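These notes are about the structure you will find just below.
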Amino acid sequence: MINFDNIRAEFPILSRQIYNKPLVYLDNAATTQKPRCVIDAEALVYQTINSNIHRGVHHLSNLCTEAYENARKTIARFIHAPHDHEVLLTRGTTESINLVAYSFAHSFMQAGDEVIVSQLEHHSNIVPWQLMEQTRGIVLKVIPITNEGELDLSLLPALITPKTKLISVAHVSNALGTINPVKDIIHLAHARNIAVMIDGAQAIQHITVDVQDLDCDFYAFSGHKLYGPTGIGVLYGKEKYLNQMIPYQGGGEMIQNVSFTKTTFNELPYKFEAGTPNYAGAIALAAAIDFIENIGMKNLEEKEHQLLDYAHQQLALIPGLRFIGTAKNKSGVVSFLVDNIHPYDMGMMLDKMGIAVRTGHHCAQPVMDRLGIPGTVRASFAFYNTNNEIDLLKAGILKVKQLFA
Ligand code: PMP
């Protein structure tokens with residue numbers, strides 16, 4: 001039996017006060033808090049092995065390189081990547097998606113070729129493709145969503161043409177919590193020789209991700225949403241694509257040989273890791289993965305399911321509260337509106353009670369436009385949250401309602 005109270009105690013920030021009230025942190029979809037072992041792991045790099053990696057002949061550099069490459073191995077094992085060199089370390093999901101958009105479009109697409117995204121995407125899985133529309137002449141198409149906030153996959157086959165080269169969709173929606181049937185999408189796409197990229201920013205911390213089982217061609221996520229540090233992220237990519245894609249950035253580390261007549265590129269994964277990487281962040285991310293694996297993904301999923309069910313059940317008792325996004329399959333997020341109260345006012349007043357939620361469009365403006373709302377209040381959960389915190393959220397909402405009555 002897992003003792004989640006003890007696990008919660010490993011997160012120093014969760015015992016702090018906000019306006020003299022205990023912090024109720026329900027903004028985990030924006031970023032998760034960090035356990036002590038992650039904070040210590042990053043500090044320990046700087047205290048004991050800090051040195052630039054890969055190019056040093058000296059002892060410290062070798063230790064730091066080894067720790068960095070071990071972190072890559074930990075990440076590869078965590079997502080069940082077939083090869084370590086298919087795991088690229090980036091700054092985060094945003095950089096991972098930009099990398100694929102730029103390099104895939106330059107290496108595999110002609111003007112007029114098409115990429116399909118969905119109406120449920122975070123801006124970071126829309127704008128990089130729009131940049132490729134402007135600079136490469138690719139065409140962006142969109143899978144619509146239903147009123148419940150699910151992808152309307154019945155419309156996908158009609159969007160696909162012989163010019164469709166890639167489909168890029170979120171595994172889990174950050175705005176509504178919808179879990180998308182990505183395996184079905186990948187199956188359908190591969191039957192037509194189309195590559196698939198999955199934005200896993202909101203899935204990796206909630207769902208067991210096995211890139212071989214999914215058979216996705218690319219999978220992106222951020223360390224900071226997985227209890228790791230900020231400024232480190234991951235792009236898994238199949239070597240059959242990565243080997244043929246041009247580098248996203250040029251610089252040190254990513255080359256084999258440089259001259260003014262001919263420069264050759266390094267092998268995977270270094271071809272896509274120009275410049276000094278965030279080795280301290282990568283090593284601390286591996287510590288976060290060790291921490292999560294110690295709890296067990298299944299235990300964590302079960303706890304978060306229970307929290308989500310309890311939150312739905314309790315908030316449904318509030319008169320005038322409307323859930324936004326009622327997909328059958330959801331993870332981590334409850335988005336809602338309360339009659340006659342602007343989400344921003346609700347967020348500001350909950351904050352005064354020590355309750356941290358997110359309000360607004362959550363970087364998913366097309367979702368809000370489709371549902372005809374300016375934004376939502378979003379409570380998002382992690383395994384360290386408690387039913388008591390959900391009770392405090394409910395009491396807080398009721399209090400705001402009274403003040404607005
Ligand atoms: N995609 C989704 C679904 C997200 O929720 C986020 C973060 N809110 C991102 C992409 C971007 O992640 P990051 O800002 O860490 O690069």
Side-chain angles (χ1 to χ4, degrees), residues 25-34 38 75 88-102 115 117-131 142-143 145 149-151 167-182 185 196-207 209 216 218-236 248-249 277-278 281-282 284-285 288 304 324-325 327 329-335 356-368 375-382:
Y25 187 75
L26 300 176
D27 195 16
N28 294 286
T31 199
T32 52
Q33 299 303 347
K34 322 302 172 198
V38 168
I75 296 162
L88 314 183
L89 294 163
T90 64
R91 280 196 300 126
T93 310
T94 302
E95 189 174 56
S96 297
I97 299 174
N98 274 277
L99 187 162
V100 175
Y102 179 90
V115 168
V117 297
S118 89
Q119 208 168 18
L120 206 54
E121 300 311 311
H122 187 279
H123 295 163
S124 65
N125 194 25
I126 298 173
V127 184
W129 304 109
Q130 289 177 325
L131 291 173
V142 184
I143 308 168
I145 56 172
E150 294 179 324
L151 300 188
I167 299 177
S168 186
V169 289
H171 199 164
V172 172
S173 152
N174 68 309
L176 308 180
T178 312
I179 303 176
N180 291 322
V182 289
I185 296 172
V196 180
M197 160 135 199
I198 305 296
D199 170 357
Q202 296 295 343
I204 194 75
Q205 65 280 53
H206 299 301
I207 296 173
V209 170
C216 53
F218 303 97
Y219 197 97
F221 60 94
S222 301
H224 72 94
K225 296 187 199 269
L226 185 60
Y227 311 99
T230 189
I232 185 76
V234 175
L235 175 66
Y236 159 78
Y248 170 55
Q249 292 181 329
N278 181 2
L285 174 57
E304 291 180 348
I324 307 296
N329 246 338
K330 279 186 62 170
S331 175
V333 167
V334 175
S335 250
V357 293
R358 182 84 154 211
T359 66
H361 56 60
H362 316 297
C363 297
Q365 276 183 317
V367 176
M368 304 303 146
T376 72
V377 184
R378 182 187 72 183
S380 54
F381 305 102

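All values derive from a computational prediction rather than experimental measurement. Order of appearance sets the numbers: ligands from 1, and atoms from 1 within every ligand.
- The minimum heavy-atom distance between L235 and M197, with the atom names listed, is CD1-CE, 4.1 Å.
- Taking OH of Y227 as the reference point, atom CG of N28 lies at 6.0 Å (rounded to 0.5 Å).
- For ligand 1, the atoms closer than 4.0 angstrom to any heavy atom of Q202 are 3 (C), 4 (C), 5 (O).
- Between F381 and the choices D27, V333, V334, the side-chain contact (heavy atoms from CB on, under 4.5 Å) rule is met once, by V334.
- Rounding to the nearest 0.5 Å places CG of L176 at 8.0 Å from NE2 of H362.
- Close approach of ligand 1 to N174 is summarised as follows: ligand atoms under 4.0 Å from at least one heavy atom of the residue are 5 (O).
- Contacts between A170 and ligand 1, counted as non-hydrogen atom pairs separated by less than 4.0 Å, are absent for every part of the residue.
- Residue H362 places no heavy atom under 4.0 Å from ligand 1.
- Using a 4.0 Å cut-off between heavy atoms, H224 contacts ligand 1 through its side chain alone, with no backbone atom that close.
- Atoms of ligand 1 lying under 4.0 Å from at least one heavy atom of S222, given by number and element, are 12 (O), 13 (P), 15 (O), 16 (O).
- At a heavy-atom cutoff of 4.0 Å, ligand 1 is contacted by the side chain of D199 but not by its backbone.
- Proximity of H171 to Y219: side-chain heavy atoms (C-beta onward) are separated by under 4.5 Å at one or more points.
- The contact set between ligand 1 and T94, taken as ligand atoms under 4.0 Å from a residue heavy atom, comprises 11 (C), 12 (O), 13 (P), 14 (O), 16 (O).
- The aromatic rings of Y248 and Y102 sit perpendicular, their planes meeting at an angle over 60°, well past the 30° parallel limit.
- Taking atom 4 (C) of ligand 1 as the reference point, the nearest protein heavy-atom neighbour is H122 CD2, 3.4 Å.
- Considering backbone and side-chain N/O of E95, none are found under 3.5 Å from N/O of ligand 1.
- Put simply, CD on E121 and CD1 on I143 are 8.0 Å apart, with the number rounded to the nearest 0.5 Å.
- Residue contact annotation: S124 has a non-hydrogen atom under 4.0 Å from ligand 1.
- In this structure, the protein non-hydrogen atom closest to atom 8 (N) of ligand 1 is K225 NZ, 2.8 Å.
- One finds the OH atom of Y236 at 6.0 Å from the SG atom of C216 (value rounded to the nearest 0.5 Å).
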